[in-house]
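Here's the structure, in structure tokens; my notes come after.
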2 protein chains.
Amino acid sequence: MKKTSPAVSCSNCSVRRLCLPVGLSDGDIERLEQVTRKKKVVRAGETLFRAGDPFDSLYAIRSGSFKSAVIGADGDTQVTHFALPGELLGLDAYSGGMHPGYAEALEESSVCVLPFTQLEGLAQQVPALQKQIYSIFSEELKQENEALLLLGKRSADSRLAALLVNISSRYSRRGYSASDFVLSMQRIDIANYLGLTAETVSRLLSRFQKQELIRVQGRSVTILDPIALSELAGTHCSYEN
Amino acid sequence: MKKTSPAVSCSNCSVRRLCLPVGLSDGDIERLEQVTRKKKVVRAGETLFRAGDPFDSLYAIRSGSFKSAVIGADGDTQVTHFALPGELLGLDAYSGGMHPGYAEALEESSVCVLPFTQLEGLAQQVPALQKQIYSIFSEELKQENEALLLLGKRSADSRLAALLVNISSRYSRRGYSASDFVLSMQRIDIANYLGLTAETVSRLLSRFQKQELIRVQGRSVTILDPIALSELAGTHCSYEN
DNA sequence: CGGAAAATTGAGAACGATCAACCAAGGTGG
DNA sequence: CCACCTTGGTTGATCGTTCTCAATTTTCCG
């Protein structure tokens, strides 16, 4: 007897190689699909969750993009992450039972809703899923550490270069062009993420263009000199310790 | 029949309320103790692991303190965390199978070595342990987000104030004085962690003292005006959960 | 179209870095 | 025991990157 698979499922999802199904057998993926049944579409500017919302689900991005941010005691916000398809949102809400920050769609986006109690239960039975969850947590921590290095040690131009290189490589992994892409976030979000101001970001983009490192047209970016850009970002070779 | 418990174990550990045993039944703690058998003593300045070391264990701090840092491609380092008893080191090494950064003891310290395969296996059988591991990962992510906010948005004096308040409340949670403590790290580590220079940290400490917010004598700090300091830090509430 | 939001560009100010001198504590060897 | 050196910390003077304030221009979208 042949199964009628749902219109959207992990098995035929375009980001299954970057998402929870990594390392899972076909059988396990089928069980995961029982958990990922519910989808949700979020339009540009809408939030998936806000700071203080109770935690019950994780969200896996199917398409689109998000910014996550935390809100300080005095009300100012720090963009902590730009999230692309295949990535999980809401991991920092497990401890404490509520979301410490919010996630806002930067464009029309679609996510899988993952009720955490169910996911937890399944992970208890499927070691490969367990491992993948650890792996995602760990990877996230590693990336945050990189972000700390960026904010703590690098100059403004180095930070912006690093972001461009980062986004480029992430698009590339997802099968899109590494040299031509559209920044789905606005300048002020980039600035906020990098600990700069919108003016500085704007000036730097103009300068990078003048230096023929990139070409910018509004939100469209073309990377002309990836090597030089990586060097600026400080992520190329390692000499001296 | 009465069990002879080992000299050092989770059950009689002074930080069991902050560490992995949280939420575990006595029976489960006994099973956890099978995993946490091995201890290690690290002297001041020695590393628990270095960047690139293969990942096989997590380390739970029993006593002392550590700094963790990541090393950028061009060799400069960013201190990402100051770790106190009850906290876990090495979580960011799971994905990738090697430590992306190093952990160095700031004073004579003692840790439990937790072989991760064993811990993983036990967590598979003990849901409460599983939850606690998730919780620790999640908490760590939340703290890193706070650190990003600090580096991205706050002024130098606000950053230093936040660190003092943070350390104060963490000592307090561990049963030590919230107002009198010794900074186990040197000025340059504080500066590195906060994205500043040692000179700026030194100047600010002097200024705080002149403003009668604190008293500093070398590495000994007394907090005189916790309210004003918290306001400076931009976080009017303590870190308790 | 027209109005609002976003992005760019310019000029001046400010915060923190850099460079440099100095001090205190601890260790080492003569 | 003291001269010497090293390391960590403090303080001062100056410089430069990035912010702030402000004026336009461009883009977005009803």
Side-chain angles (χ1 to χ4, degrees), chain A residues 43-46 67 76-79 104-108 149-164 182-211 214-221 232-234, chain B residues 43-46 67 76-79 104-108 150-164 182-211 214-221 232 234:
Chain A
R43 275 165 300 184
E46 288 182 350
K67 65 171 174 184
D76 62 0
T77 70
Q78 169 73 34
V79 173
E104 180 187 318
L106 295 168
E107 58 196 306
E108 169 111 358
L149 176 69
L150 206 67
L151 289 186
K153 291 274 163 310
R154 310 286 197 206
S155 62
D157 52 3
S158 179
R159 292 183 209 181
L160 183 57
L163 178 64
L164 292 172
V182 173
L183 296 169
S184 57
M185 70 295 288
Q186 47 187 63
R187 298 289 191 266
I188 197 169
D189 293 324
I190 296 177
N192 190 317
Y193 174 67
L194 297 175
L196 303 170
T197 59
E199 292 94 324
T200 300
V201 170
S202 185
R203 273 185 255 274
L204 287 173
L205 285 172
S206 302
R207 210 191 74 198
F208 285 180
Q209 179 159 243
K210 202 167 292 170
Q211 295 171 325
I214 62 172
R215 239 180 61 77
V216 207
Q217 182 55 251
R219 295 193 178 180
S220 309
V221 173
L232 236 184
Chain B
R43 275 164 301 182
E46 287 182 351
K67 66 171 173 182
D76 61 2
T77 70
Q78 169 73 34
V79 174
E104 180 187 318
L106 295 168
E107 57 195 307
E108 170 113 357
L150 205 67
L151 289 185
K153 292 275 161 309
R154 310 285 197 205
S155 62
D157 52 3
S158 178
R159 292 183 208 181
L160 183 57
L163 178 64
L164 292 172
V182 173
L183 296 169
S184 57
M185 69 295 288
Q186 43 186 67
R187 299 288 190 267
I188 198 169
D189 293 325
I190 296 177
N192 189 319
Y193 174 67
L194 297 175
L196 303 169
T197 59
E199 291 95 325
T200 300
V201 169
S202 185
R203 271 184 256 272
L204 288 174
L205 286 173
S206 301
R207 210 190 75 198
F208 285 180
Q209 178 158 242
K210 202 168 293 167
Q211 295 172 326
I214 61 173
R215 238 179 60 77
V216 208
Q217 183 57 253
R219 293 191 180 180
S220 308
V221 173
L232 236 185

| said: Please tell me if Thr200(B) has a side-chain N or O lying less than 4.0 Å from either OP1 or OP2 of dC15(C). | reply: no
| query | Counting any heavy atom closer than 4.0 Å, what does Leu196(B) reach on the DNA or RNA strands: base, sugar-phosphate only, or nothing? | reply | sugar-phosphate
| query | What integer distance in Å separates Asp157(B):CG from dA14(C):P? | reply | 16 Å
| task | Calculate the interatomic distance between Arg207(A) atom CZ and dT8(C) atom C1'; express it in whole Å. | result | 16 Å
| message | From CD of Glu199(A) over to P of dA11(C), roughly how many Å is that when rounded to an integer? | response | 15 Å
| task | Kindly say if Thr197(B) contacts the phosphate of dA17(C), meaning a side-chain N or O under 4.0 Å from OP1 or OP2. | result | yes
| Is any side-chain heavy atom of Asn192(A) closer than 4.5 Å to a side-chain heavy atom of Gln78(A)? | yes
| Taking atom types as modelled, is there a side-chain donor on Thr197(A) or Thr200(A) under 3.5 Å from an acceptor on the other? | yes
| task | Nearest 0.5 Å please: distance from the CD atom of Glu46(B) over to the CD atom of Glu104(B). | result | 9.5 Å
| query | Taking CZ from Phe208(A) and P from dA7(C), how many angstroms apart are they, rounded to a whole number? | reply | 17 Å
| message | Assess whether a salt bridge exists between Lys153(B) and Asp76(A), defined as any Lys/Arg side-chain N lying under 4.0 Å from an Asp/Glu carboxylate O. | response | no
| query | Contact class for Arg219(B) vs. all strands (heavy atom < 4.0 Å): base, sugar-phosphate, or nothing? | reply | sugar-phosphate
| request: Would you mind telling me which residue lines up with the more 5' stretch of DNA chain D, Arg187(B) or Leu204(A), judged by nearest nucleotide? | output: Arg187(B)
| request: Would you state whether a donor and an acceptor, one from the side chain of Arg203(B) and one from the base of dT18(C), lie under 3.5 Å apart? | output: yes
| message | Can you list everything that forms a ring pair (Phe, Tyr, Trp, His ring centres under 6.0 Å) with Phe208(A)? Sequence neighbours excluded, please. | response | none
| query | If you round to the nearest 0.5 Å, how far is CD of Glu199(B) from CD1 of Ile188(B)? | reply | 8.5 Å
| field | Atom pair distance, as rounded to whole Å: CG in Leu151(B) and C1' in dG16(C) | value | 14 Å
| Earliest and latest nucleotide of DNA chain D, 5' to 3', sitting under 4.0 Å from a non-hydrogen atom of chain A? | dT18(D) to dT27(D)
| said: Without decimals, in angstroms, what is the distance between Arg159(B) CZ and dC15(C) C1'? | reply: 11 Å
| query | CG of Leu194(B) versus P of dA17(C): gap in Å, rounded? | reply | 10 Å
| Under 3.5 Å donor-acceptor, Arg154(A) side chain and Arg159(A) backbone | no
| message | From C-beta outward on Gln186(A), which listed nucleotide comes closest to its side chain: dT18(C), dA7(C), dG10(C)? | response | dA7(C)
| query | Could you state the CD1-P distance from Ile188(A) to dA4(C), rounded to the nearest angstrom? | reply | 19 Å
